[in-house]
Amino acid sequence: QVQLVESGGGLVQAGDSLRLSCAASGRTFSTYQVGWFRQAPGKEREFVTAISRNSANMRYADSVKGRFTVSRDNAKNTVYLQMNSLKPEDTAVYYCAARDFPGNFIYRSEDQYDYWGQGTQVTVSS
C-alpha cells in the first residue's frame, strides 16, 4: 500500500505558475503509475495527466496540453505537476492517484487508480 500527500496549491492570478507535489510513502514508489486529476465545484472529477513508473510515457488532457508538465523523481518518491499559464478554469481541487503497474500504458480513468491523496486546492483569479 502507498500513501499520497499533495502540496503546493494556492491562490494565484491568471497567467501565473504553480508546481504541485505528490509525495508517496509506503511501498516502492517506482513501480507505480501516477495520475493527476482535478475536480471543480459542481463538476465531476476529470483526468489531467499521468506518468508511467519510469517516466517513459506521459499523457495530458487536451485542456492542459502545452501548459502543464508532469515529472517524477523516484529517488524522492515524488511526482510533480508544473502548471504554467494558469487560467480561471483551472480552478479545482487537484488529486494525485497511483496504481501499481509496470507497463507504459497510461490509464485515464479514475476507476483504474487504487490510491488517492487528500487533494490540494488551486484557485486562479482573473
Listed once per pair and sorted, the salt bridge (Lys or Arg N to Asp or Glu O under 4.0 Å) pairs that draw on residues 116-126, sequence neighbours left out | none

Please name the pair of heavy atoms, one in G119 and one in V93, separated by the smallest distance, quoted to 0.1 Å.
-> CA-CG1, 3.9 Å

How would you list, by chain and number, every residue that makes a side-chain hydrogen bond (donor to acceptor under 3.5 Å, both in side chains) with Q112, sequence neighbours excluded?
-> R99

With sequence neighbours left out, the residues meeting salt bridge (Lys or Arg N to Asp or Glu O under 4.0 Å) with D111 are none

Testing T69, V124, V122 for side-chain contact (heavy atoms from CB on, under 4.5 Å) with M83, which one passes?
-> V122

Sequence neighbours excluded, which residues qualify as side-chain hydrogen bond (donor to acceptor under 3.5 Å, both in side chains) partners of R53?
-> none

Can you say whether the rings of Y113 and W116 are parallel (under 30°), tilted (30 to 60°) or perpendicular (over 60°)?
-> perpendicular

Should T78 and F29 count as side-chain neighbours, where that means a heavy-atom distance under 4.5 Å?
-> no

Which donor-acceptor pairs under 3.5 Å do the side chains of residues 7-24 make with protein atoms, sequence neighbours left out?
{"from": "D16", "atom 1": "OD2", "to": "Q13", "atom 2": "N", "distance (Å)": "3.1"}
{"from": "S17", "atom 1": "OG", "to": "N84", "atom 2": "OD1", "distance (Å)": "2.9"}

Partner residues of N57 under the side-chain hydrogen bond (donor to acceptor under 3.5 Å, both in side chains) criterion, sequence neighbours left out | R59

Going hydrophobic residue to hydrophobic residue with side-chain gaps under 4.5 angstrom, can you get from I51 over to W36?
-> yes

Can you sort out the partners of A56 under side chain to side chain contact (heavy atoms under 4.5 Å, CB included), two or more places apart, ordered by chain and number?
-> S52, N54, N104

Check: Q121 and T91 side chains under 4.5 Å, non-hydrogen atoms = yes

Partner residues of S85 under the side chain to side chain contact (heavy atoms under 4.5 Å, CB included) criterion, sequence neighbours left out = R67

Of all the heavy-atom pairs spanning S55 and R72, show the shortest one and how long it is.
-> OG-CG, 3.2 Å

Which residues pass the ring-ring contact (aromatic ring centres under 6.0 Å, His included) test with F101, sequence neighbours left out?
-> Y107

Mind running side-chain hydrogen bond (donor to acceptor under 3.5 Å, both in side chains) on T31 and D100 for me, showing each step along the way?
-> CA-CA 6 Å; T31 66; D100 192 352; 3.1 Å; yes

Do you reckon V48 sits in the same ILVMFWY cluster as V34, going by side-chain contacts under 4.5 Å, direct or chained?
-> yes

Residue pairs involving residues 74-84 (criterion salt bridge (Lys or Arg N to Asp or Glu O under 4.0 Å); sequence neighbours excluded) | none

Test item: Q82 side-chain N/O and S71 main-chain N/O as donor-acceptor pair under 3.5 Å = no

Under a 4.5 Å cut-off applied to non-hydrogen side-chain atoms, are M58 and I106 in contact?
-> no

Pairs touching residues 30-50 that satisfy salt bridge (Lys or Arg N to Asp or Glu O under 4.0 Å), sequence neighbours left out = R38-E46, R38-D90, R45-E110

Would you say Y94 and E6 make side-chain contact, with heavy atoms under 4.5 Å?
-> no

Pairs in or reaching into residues 45-75: which pass ring pair (Phe, Tyr, Trp, His ring centres under 6.0 Å), with residues at least two apart or in two chains?
-> F37-F47

